[in-house]
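Written below as structure tokens is the structure these notes are about.
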Amino acid sequence: MRIGELAQRTGASVRSLRHYEANGLLSAERRSNGYREFPDCAVETVARIRALLAAGLPLAAIEQVLPCVLNQKLEVQTCDSVVAVLQKELCKLDAQAAQVHRARTAISAMLSGA
DNA sequence: GTTCTAACA
DNA sequence: TGTTAGTA
């Protein structure tokens with residue numbers, strides 16, 4: 001199917017679909033006129049991508065875990081590569097949390113002293 | 001009319 | 001991301 005139909009069937013914008021394809025999250029063939037031709041399974045793939053985006057994962061991480069994400073419920077097939085990516089994301093989040101904690105501690109101290 | 005790329009608000 | 005320009 002062409003990109004317009006995929007957009008209708010998934011609720012994602014044409015712009016987003018091109019973006020996903022450009023980042024390797026979606027594969028599409030090219031017709032002689034340059035139009036992308038998506039396989040039927042792309043509908044399910046987009047659903048998985050959107051579920052992962054909703055979960056807060058960046059596109060770069062999604063690209064890596066997508067092959068092992070089984071469905072829209074984000075149930076994953078246990079793959080070493082996926083575990084590694086998820087652990088890395090968890091590590092990043094922990095680092096961000098620590099930063100947030102330091103900032104709020106400093107700000108709280110300033111407010112209590114004022 | 002639909003899609004493509006590239007670029008800008 | 002949305003949108004717009006200029007094409008094919």
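Residue numbering restarts at 1 for every chain, and letters A, B, ... go by the order of the sequence lines.
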Whole-Å gap separating P (B:dC4) and CD (A:Glu21): 8 Å
Of the listed nucleotides B:dC4, C:dT1, B:dT2, the one nearest the side chain of A:Ile3: B:dC4
The side chain of A:Arg30 lies closest to which of these nucleotides: B:dT5, C:dT1, B:dT3? B:dT5
Is the shortest distance from a Lys or Arg side-chain nitrogen in A:Arg9 or A:Glu5 to a carboxylate oxygen in the other one below 4.0 Å? yes
Please indicate whether A:Arg30 has more than 12 foreign heavy atoms, meaning atoms of other residues, nucleotides or ligands, lying under 6.0 Å from its CZ. yes
Regarding A:Ser16 and A:Ser13, is there a side-chain donor-to-acceptor distance under 3.5 Å anywhere? yes
With nearest nucleotides of DNA chain B determined for A:Arg15 and A:Glu5 from heavy-atom distances, which residue corresponds to the more 5′ nucleotide? A:Glu5
Between B:dT5 and A:Arg18, counting only base atoms on the nucleotide and side-chain atoms on the residue, is there a donor-acceptor pair under 3.5 Å? no
Could you tell me how far apart A:Asn23 (CG) and C:dT1 (C1') are, to the nearest whole angstrom? 13 Å
From CD of A:Gln8 across to C1' of B:dT2 the rounded distance in Å is 12 Å
Salt bridge or not for A:Glu21 and A:Arg36, using N-O below 4.0 Å? yes
May I have the distance from A:Leu26 (atom CG) to B:dT3 (atom P), rounded to whole angstrom? 15 Å
Does A:Ser16 make a side-chain N or O approach to OP1 or OP2 of C:dT1 shorter than 4.0 Å? yes
Sugar-phosphate, base or nothing in reach of A:Arg31, heavy atoms under 4.0 Å: nothing
When the distance from CG of A:Leu59 to C1' of C:dT1 is rounded to whole Å, what number comes out? 12 Å
A:Leu17 atom CG is separated from B:dT3 atom P, nearest whole Å, by 11 Å
Among A:Thr45, A:Ile62, A:Leu59, find the residue that satisfies the side chain to side chain contact (heavy atoms under 4.5 Å, CB included) test when tested with A:Tyr20. A:Leu59
For B:dG1, give its Watson-Crick or G-U wobble partner with both distances under 3.5 Å, or none. none
Separation of atom CG in A:Asn33 from atom P in B:dC4, rounded to whole Å: 8 Å
So does A:Tyr20 get a side-chain nitrogen or oxygen closer than 4.0 Å to the phosphate oxygens (OP1/OP2) of C:dT1? yes
